[in-house]
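First up is the structure itself, then whatever we jot down about it.
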Amino acid sequence: MGKGKPKRRGIDVPARVRFAPSPTGSLHVGGARTALFNWLIARNTGGTFVLRVEDTDRERSTPESEAEILRALTWLGLDWDEGPLRQSERGQAHQAAVERLRQEGAIYAAWETEEELEAQRAAARADKRAPVVRGRRDHTEDELDALRAEGREPVWRFAVDTAGRTEIDDYVRGTVTFEHAAIEDFVVARSDGSPTYNLAAAVDDAEMGITHVVRGEDHISNTPKQMMIMRALGHEPPEYAHIPLILGPDKKRLSKRHGAASVEELESAGFLPIAALNALALCGWSYDDKTTMFTPEELVEKFSIARVSKSPAVFDMKRLEVLNGRYLRTTPDDEFADILVAYLTDTGYLAERGDGAEEIARRSAPAVKRKLGTLGDYDGLAGWLFRPHDIEPEAWEVVTKDVKHSVQVIGAGLGRIETLEEFTVERLREELSDQLHILGEAARDFLEPQRIALTGQLVSTGIYESLEMVGRDEAVSRYRSTLARLAELWQSA
Ligand code: GLU
C-alpha cells in the first residue's frame, strides 16, 4: 500500500440514487457520465436507480428532449428501476413544502425589484463582500399595502442563517465548507408560486428517499441551499458526491467543437455503445490507470466512487476512436456485419445506394472491420464499392505523377490477376507479392497504383480484400479503364 494519501471511502450500502436530467436538449456527454456513475453505484451496491425528469422549466422542456434522453440512455445500456418520474407532476408536493417552510418561518416574502437587488449587489462588491442579496423583512402593514398597490408580487426567499455554515462531507471532494454569510437568501418560489430548481430538487431528493446524490461539480453551490431546505423541512440530507467537469483535450469545456458533445452525436458518428460507455467511465474514474476496455459487468464490479478523481476529466475523441476501432476488431464478423448494416440503414446510406447495397455492405464487413475507427468512416474506405469506376482527383494526381511507372506497375498487376483462377486474398497476395519482387519495387510504389486503379481512392479497404470482394471480372475492367485513361494522357503528352 502506498503511504501518504488516506484511502477515500466508497459506498458500501445499497444506494438509492437518481439521475435527474432537464429535458431541454439531447443527452450531453457530461450528463451521460453522471447517469453512468449513478447506474454503476446502484448496480454495484445492489441499490436502486431512479430516473427523474426535471421538467419544471416549462418553457425550455420538451417531450421530444425527454424521449431523446431516454433513448440515449437505453442505447448506452443504462436501465432504470423507477421512473421516469416527472417533476412537473409533483406540483402539489412542492406547494406543500413551500407552505410548510412558510409556516416554519424558514422563508419570507421578498418584494425587491431587480434594480433594488442589483444595487445591493453593487454595494456589497464595493465593500468587498460577497454580492449576495437579502430581502427586507421588516415592512410595516402600510408599506406592504403600498407595495401591493404598486402591483408588486413577492417571491419567496429562504431566510439564510448568516452566522452559520454548511459542511458537505463529499465522497470526491472531501470536506467542503460553505459560510452562510456568502450565500444569498435564495428564491424557493417565484411570484406565481412556482417552485425553483433548488426547492423541487431538495423536496424530491428527500421524499424519494435518495441516499446519495451524485452529480456534476457545477452543482456544488446548490448543495448547501438544498441541504438547508431539507433540514428546514425536517429531513436528514443525503450524502453527496460531486464529480469533476469534463473538458476537451484543449482543456476547454466540452462542446460540439471537439467533435461530439452528446450521446446522439456519438451514435451518429458511428461509435459503438460499449466504446462510448468505457470512454464515459474513464471520465474521472480509473481502475488501475491502464485498463481501458471493460464489459458493462466488469464496470459494475470494479467501479468505486473512491477512485473518482476531483481534477477535471478530459474527453478525447481521438482516444475514443482508437478504442472504438479496437472494439470493432474484437467483434465477430457476423455480429459486426449486422451492426454495420443497422448503422448504414439508420443513417439512410443503404437506401440512397439502391438495390443490392446491403449485400455489398455485408460482403465488405470483414475488410472494413480491420481498418475502421468509427462506422462513420465506412464511406471513406468502402464507398468505391457502390460507385461506378471513377478516380478521385487526389488519387488521380498521385497516379499521374509518373505516368510511365503507373502504367508499368498497373499493367504488371493486371497481368497477374487476369489469369488467376482462385481469386482469394491468399492467392492474390502471393501473386502480387511475387510480381512486386520481380519488378524490384518498394511495396508502396507497387501497391498504391493497384489500389487507385481498383478503388479510385487513396485510402480504402486492403488491396487484396478489395480485389476479392469485387471479383475478377470487375477488377479487370477497373484496371483496364484506368490503364486506358493513363494511356490517353501519355499519348497526348
Ligand atoms: N436537472 C439538473 C441538471 O440537469 C440536475 C441537477 C441534479 O442532479 O440535482 O443539471
Side-chain angles (χ1 to χ4, degrees), residues 11 15-42 47-70 72-73 78 80 82-91 93-94 97 166 168 170-173 176 178 186 188 194-230 235 237-246 253-255 261-264 280 283-284 305 308:
I11 300 173
R16 194 173 156 79
V17 289
R18 72 344 182 246
F19 175 52
S22 303
T24 55
S26 46
L27 180 61
H28 279 244
V29 163
R33 192 267 318 252
T34 301
L36 171 62
F37 283 14
N38 277 286
W39 180 81
L40 290 169
I41 291 167
T48 308
F49 182 46
V50 180
L51 181 58
R52 181 172 81 215
V53 177
E54 302 208 320
D55 58 349
T56 47
D57 183 341
R58 301 311 290 166
E59 257 151 52
R60 296 177 58 228
S61 302
T62 65
E64 292 75 26
S65 296
E66 181 187 310
E68 169 49 28
I69 291 169
L70 268 53
L73 289 172
L78 306 181
W80 49 94
E82 289 178 28
L85 306 162
R86 287 182 197 87
Q87 224 162 26
S88 58
E89 287 160 13
R90 292 194 26 88
H94 300 149
T166 293
I168 312 171
D170 193 280
Y171 278 92
V172 177
R173 309 198 59 85
V176 184
F178 287 89
F186 51 95
V188 298
S194 63
T196 59
Y197 155 70
N198 277 316
L199 182 102
V203 170
D204 290 352
D205 283 340
E207 294 187 2
M208 291 173 183
I210 299 303
T211 58
H212 298 76
V213 168
V214 179
R215 62 183 168 197
E217 192 187 282
D218 47 332
H219 279 290
I220 198 159
S221 61
N222 288 321
T223 301
K225 299 174 185 170
Q226 294 175 13
M227 289 168 80
M228 285 181 214
I229 294 172
M230 289 189 222
H235 298 292
E239 299 205 66
Y240 290 91
H242 290 90
I243 57 183
L245 289 179
I246 301 185
R253 238 189 131 127
L254 190 72
S255 73
S262 71
V263 173
E264 197 180 6
L280 292 170
C283 272
I305 196 77
V308 172

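Numbering of ligands and ligand atoms starts at 1, following listing order.
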Verdict with supporting geometry, Trp80 and Leu85, side-chain contact (heavy atoms from CB on, under 4.5 Å)
CA-CA 11 Å; Trp80 49 94; Leu85 306 162; over 6 Å; no

Restricting to heavy atoms, the pick from Gln87, Gln226, Glu54, His242 nearest atom 2 (C) of ligand 1 would be Glu54

Ranked by distance from atom 5 (C) of ligand 1, the top protein heavy atom is Ala20 O, 3.1 Å

shortest atom 10 (O) of ligand 1-to-protein heavy-atom contact is with His219 NE2, 2.8 Å

* To do: Please answer whether the main-chain N or O of Ser88 pairs with a side-chain N or O of Asp55 as donor and acceptor at a distance below 3.5 Å.
  => yes

Here the side-chain hydrogen bond (donor to acceptor under 3.5 Å, both in side chains) pairs for residues 19-38, sequence neighbours left out, are none

*asked:* Between ligand 1 and Pro21, is the shortest N or O to N or O distance under 3.5 Å?
replied: no

### Task
Could you tell me whether Glu54 and Arg86 have a side-chain N and a carboxylate O separated by less than 4.0 Å?
no

Q | Salt-bridge contact Glu82-Arg18 (side-chain N to carboxylate O under 4.0 Å) | A | no

Arg215 heavy atoms within 4.0 Å reach ligand 1 at atoms 7 (C), 8 (O), 9 (O)

**Prompt:** Does Met208 offer a backbone N or O that forms a donor-acceptor pair with the side chain of Arg16 under 3.5 Å?
**Reply:** yes

Ligand 1 atoms nearer than 4.0 angstrom to some heavy atom of Tyr197 are 6 (C), 7 (C), 9 (O)

The closest protein heavy-atom partner of atom 4 (O) of ligand 1 is Ser22 OG, 3.3 Å

Atom 8 (O) of ligand 1: closest protein heavy atom, distance to 0.1 Å, is Arg18 NH1, 2.6 Å

